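Because the structure is a prediction, the values reported are computed rather than measured. The first residue in the sequence is number 1, and the count goes up from there.
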Amino acid sequence: MAQDKAAADKLKAQKAAAKQQRREKSRQSRKQMWQAFQMQRKEDKALLPIMIGVFVGAIVLSIGLGLLIGQPWWMFLILGVLLGALGAFIVFTRRLERSVYSKNEGQVGAAGWALDNMRGSWRVTQAVARTTHADAVHRVIGKPGVILVAEGNEGRIKGLLAQEKKKTARVVGQTPIYEFTVGNEEGQVPLRKLQRSLNKLPSNINGKKIDELEGRLAALSTRTGGAQMPRGPLPQGAKMRSVQRTVRRKTGSN
């Protein structure tokens with residue numbers, strides 16, 4: 001009986017600790033979101049008017065719809081408030097995301113930062129190849145196959161990318177290999193569109209194959225002594241990293 005009571009007390013304590021941890025995590029998320037809003041509001045003067053416009057517009061449209069179909073207006077007022085709050089939050093997150101990408105574009109390590117912040121079962125290894133000028137090729141493994149993402153000087157990364165693709169092909173066999181170069185020139189992918197471009201790729205392999213490829217390519221990097229580079233771009237990008245993850249969790253839950 002004493003052992004059962006001790007086990008029950010231990011389980012109760014664990015549940016209480018887990019509950020407290022969830023509360024603290026939620027509190028930190030709200031704090032980060034509020035800080036992000038204050039930062040964005042100061043830099044983006046149009047943010048607040050647009051958010052208010054979306055909120056009020058949703059309420060007006062909802063009430064109008066209710067009156068049009070002969071339903072109690074207060075029911076549609078509640079609906080309008082909910083839709084307006086959701087719409088305003090989406091406006092905030094989209095403008096925040098655009099601002100962060102705008103600040104990071106062209107900075108060293110920006111592509112690696114964007115890849116690290118992708119949602120889903122992507123396996124990202126930064127700077128599997130690089131030059132002394134901080135040009136780099138990052139490797140991503142996912143359902144499309146293997147994706148090599150290059151950033152830096154176009155003249156230098158062209159050879160670097162070709163060399164990395166050749167080494168990778170020896171290991172992955174028939175698995176598709178995709179190449180992207182981040183930039184604003186013709187044939188390149190702008191930083192803000194990088195995640196979207198990868199998500200549009202077709203699904204070619206399953207989770208088991210992804211694990212297998214990750215092990216093989218990790219061994220390849222170990223043998224070749226892959227160089228490491230600082231993770232993430234300039235300081236403001238690093239500061240916004242946790243905020244971006246919080247925003248993605250919030251938008252994903254809506």
Side-chain angles (χ1 to χ4, degrees), residues 97 100-101 104-234 237-238 241 244-245 248:
E97 184 179 72
V100 171
Y101 277 111
N104 290 332
E105 196 161 12
Q107 300 294 331
V108 173
W113 165 80
L115 293 171
D116 260 354
N117 280 276
M118 289 185 66
R119 285 179 288 186
S121 57
W122 301 94
R123 315 292 173 84
V124 179
T125 305
Q126 291 198 28
V128 291
R130 65 169 299 189
T131 69
T132 55
H133 299 280
D135 312 293
V137 175
H138 311 292
R139 183 176 65 225
V140 183
I141 307 172
K143 290 184 178 180
V146 179
I147 304 110
L148 300 176
V149 179
E151 63 174 326
N153 179 273
E154 186 176 4
R156 291 191 294 262
I157 61 177
K158 187 175 181 181
L160 195 68
L161 186 59
Q163 183 181 16
E164 189 60 31
K165 182 179 180 180
K166 187 176 180 180
K167 290 194 299 183
T168 302
R170 295 196 191 108
V171 176
V172 303
Q174 299 300 313
T175 302
I177 302 176
Y178 298 90
E179 301 172 68
F180 289 92
T181 300
V182 176
N184 295 312
E185 302 297 327
E186 185 177 354
Q188 298 181 339
V189 179
L191 179 66
R192 66 183 182 278
K193 295 183 179 180
L194 179 60
Q195 294 185 358
R196 192 186 317 162
S197 297
L198 266 64
N199 283 317
K200 286 182 178 179
L201 294 174
S203 180
N204 298 309
I205 60 177
N206 57 27
K208 184 177 180 180
K209 185 67 175 179
I210 291 174
D211 292 337
E212 180 186 335
L213 288 174
E214 186 177 27
R216 289 184 186 179
L217 290 170
L220 173 66
S221 297
T222 302
R223 290 199 304 269
T224 56
Q228 297 296 316
M229 75 181 297
R231 299 177 66 85
L234 75 172
R241 186 167 181 164
Q244 283 292 94
R245 286 176 176 165
R248 290 200 310 276

Can you check whether Val171's main-chain N or O pairs, donor with acceptor, with Arg216's side chain at less than 3.5 Å? yes
Heavy atoms only: give me the nearest Thr175-Gly145 pair and the separation to one decimal. CG2-CA, 3.8 Å
Flag, side chain of His138 to backbone of Thr125, donor-acceptor distance under 3.5 Å: no
Approximate separation, where rounding is to 0.5 Å, of Leu194 CG and Ile147 CD1: 9.5 Å
Interatomic distance, CD@Glu97 vs CZ@Arg192, rounded to 0.5 Å, equals 11.5 Å
Distance-only donor-acceptor hits, side chain of residues 152-161, under 3.5 Å, sequence neighbours excluded:
unit_1	atom_1	unit_2	atom_2	d
Asn153	OD1	Gly155	N	2.9
Asn153	OD1	Arg156	N	3.1
Arg156	NE	Asp135	OD2	2.4
Arg156	NH2	Asp135	OD1	3.4
Arg156	NH2	Asp135	OD2	3.4

Distance from Leu217 atom CG to Arg123 atom CZ, nearest 0.5 Å? 11.5 Å
How far does NZ of Lys209 sit from CG of Asn204, to the nearest 0.5 angstrom? 11.5 Å
Of the non-hydrogen atoms in Ile205 and Gly142, which two are nearest, and what is the gap between them? CD1-O, 3.3 Å
Sole residue of Leu115, Asp116, Val140 in side chain to side chain contact (heavy atoms under 4.5 Å, CB included) with Trp122: Val140
Do the side chains of Asn199 and Met118 get nearer than 4.5 Å, heavy atoms only? yes
Starting at CZ of Arg139, measure out to CD1 of Ile177 and round the result to the nearest 0.5 Å. 10.5 Å
Check: Glu164 side chain, Ala129 main-chain N or O, donor-acceptor pair, under 3.5 Å: no
Between Pro144 and Tyr178, the two heavy atoms sitting closest are O-CE1, 3.4 Å
For the student: nearest non-hydrogen atoms of Ile141 and Glu214, plus distance: CD1-CA, 3.5 Å
If you compare all heavy atoms of Ala110 against all heavy atoms of Leu191, which two are closest, and at what distance to 0.1 Å? O-CD1, 3.6 Å
Checking Lys193 now: which residues fulfil salt bridge (Lys or Arg N to Asp or Glu O under 4.0 Å) with it, not counting sequence neighbours? none
Show every side-chain hydrogen bond (donor to acceptor under 3.5 Å, both in side chains) that has at least one partner inside residues 182-191, sequence neighbours left out. Glu105-Asn184
Check step by step if side chain to side chain contact (heavy atoms under 4.5 Å, CB included) holds for Lys143 and Ile210. CA-CA 7 Å; Lys143 290 184 178 180; Ile210 291 174; 4.1 Å; yes
Side chain to side chain contact (heavy atoms under 4.5 Å, CB included) evaluation trace for Val137 with Gln163: CA-CA 10 Å; Val137 175; Gln163 183 181 16; over 6 Å; no
